[in-house]
Amino acid sequence: ESLGMTSKEMSDVFAEWNKGELDSFLIEITRDILAYEQDGKPLVENILDKAGQKGTGKWTAIDALNLGMPLTLIGESVFARCISALKDDRVVASKSLKFDGNPKYEGDRAEFIEHIR
């Protein structure tokens, strides 16, 4: 929202990235997901921001800790899913926390996207 991009515009960015050094399955499926429409609307705009867990990330993180191996990315992903699952609590908290809306980026959008790449 801060960049004022539609799902289609974001999909186009990922499509361009997938032509270069970022060519990968994850970039490709992100492009496709952002472009997918259902009933004439981007599907991603209808997905509830709440994730469940099967336990594999938790088990992997526990095994890594038991082996003394750093596995920060998966650990942080598990923590993010835990917070995501607390949708009702996040809604209650959002009423207490002051937020004046989504600030709009006022710089050069294309340059910003290039920096992200």
Side-chain angles (χ1 to χ4, degrees):
E1 290 181 18
S2 293
L3 289 178
M5 296 178 74
T6 65
S7 296
K8 170 73 170 102
E9 289 172 320
M10 289 185 276
S11 175
D12 291 345
V13 168
F14 279 87
E16 190 61 34
W17 287 357
N18 204 47
K19 295 176 186 174
E21 71 272 8
L22 296 178
D23 176 28
S24 70
F25 176 70
L26 291 178
I27 295 292
E28 180 181 346
I29 63 170
T30 302
R31 174 202 66 200
D32 294 347
I33 290 167
L34 288 167
Y36 189 84
E37 292 188 353
Q38 188 175 49
D39 300 325
K41 295 180 183 177
L43 180 64
V44 295
E45 294 178 13
N46 294 317
I47 296 173
L48 183 64
D49 62 336
K50 180 178 177 179
Q53 296 194 59
K54 296 181 290 188
T56 53
K58 176 182 167 185
W59 300 330
T60 303
I62 290 169
D63 281 345
L65 287 168
N66 288 336
L67 294 170
M69 300 298 295
L71 196 66
T72 55
L73 182 61
I74 291 179
E76 290 302 324
S77 298
V78 171
F79 298 150
R81 280 182 165 260
C82 291
I83 292 171
S84 172
L86 301 173
K87 173 75 174 175
D88 294 339
D89 293 336
R90 290 187 290 118
V91 169
V92 169
S94 73
K95 293 175 182 166
S96 312
L97 303 170
K98 301 299 178 206
F99 181 65
D100 294 330
N102 208 353
K104 298 295 180 203
Y105 181 72
E106 297 184 13
D108 183 312
R109 184 166 84 174
E111 181 180 30
F112 184 80
I113 291 169
E114 179 60 24
H115 284 297
I116 293 172
R117 185 184 64 80

- With side chain to side chain contact (heavy atoms under 4.5 Å, CB included) as the test, would you mind laying out the steps for M10 and V44 before giving the verdict? CA-CA 11 Å; M10 289 185 276; V44 295; 6.0 Å; no
- Query: What do the steps show when you test F14 against I33 for side chain to side chain contact (heavy atoms under 4.5 Å, CB included), and what is the final call?
  - Reply: CA-CA 10 Å; F14 279 87; I33 290 167; over 6 Å; no
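Around CZ of F79, the count of heavy atoms belonging to other residues, nucleotides or ligands within 6.0 Å does not exceed 12. More than 12 heavy atoms of other residues, nucleotides or ligands shown are found within 6.0 angstrom of NZ on K104.
Placement of L65 and L67 in two distinct hydrophobic clusters is found when ILVMFWY residues are connected by side-chain heavy-atom separations under 4.5 Å, directly or transitively. Taken together through direct or relayed side-chain contacts under 4.5 Å among Ile, Leu, Val, Met, Phe, Trp and Tyr, Y36 and I47 form part of one hydrophobic cluster. Taking hydrophobic clusters as Ile, Leu, Val, Met, Phe, Trp and Tyr residues chained together by side-chain heavy-atom distances below 4.5 Å, Y105 shares a cluster with V13. Linking ILVMFWY side-chain heavy atoms closer than 4.5 Å, directly or via other members, places L34 and I116 in a single hydrophobic cluster.
A donor-acceptor contact shorter than 3.5 Å links the side chain of E9 to the backbone of T6. Proximity of a side-chain donor or acceptor of S11 to a complementary backbone N or O of S7 within less than 3.5 Å is not detected.
Here the closest non-hydrogen pair linking P42 and N46 is O-ND2, 3.8 Å. Annotation for N18 and R31: closest pair ND2-NH1, 3.9 Å, computed over non-hydrogen atoms. Of all the heavy atoms in L3 and R109, the pair that sits closest is O-NH1, 3.1 Å. The heavy-atom pair separating R90 from S84 by the smallest distance is NH2-O, 3.0 Å.
Atom CD1 of residue I62 and atom CD1 of residue I74 lie 12.5 Å apart, to the nearest 0.5 angstrom. Between the CG atom in D32 and the CZ atom in F25 there is a gap of 9.0 Å [rounded to 0.5 Å]. If you take CG on L22 and CD on E16, they are separated by 11.0 Å, rounding to the nearest 0.5 Å. Taken to the nearest 0.5 Å, the CH2 atom of W59 stands 9.0 Å off from the NZ atom of K54.
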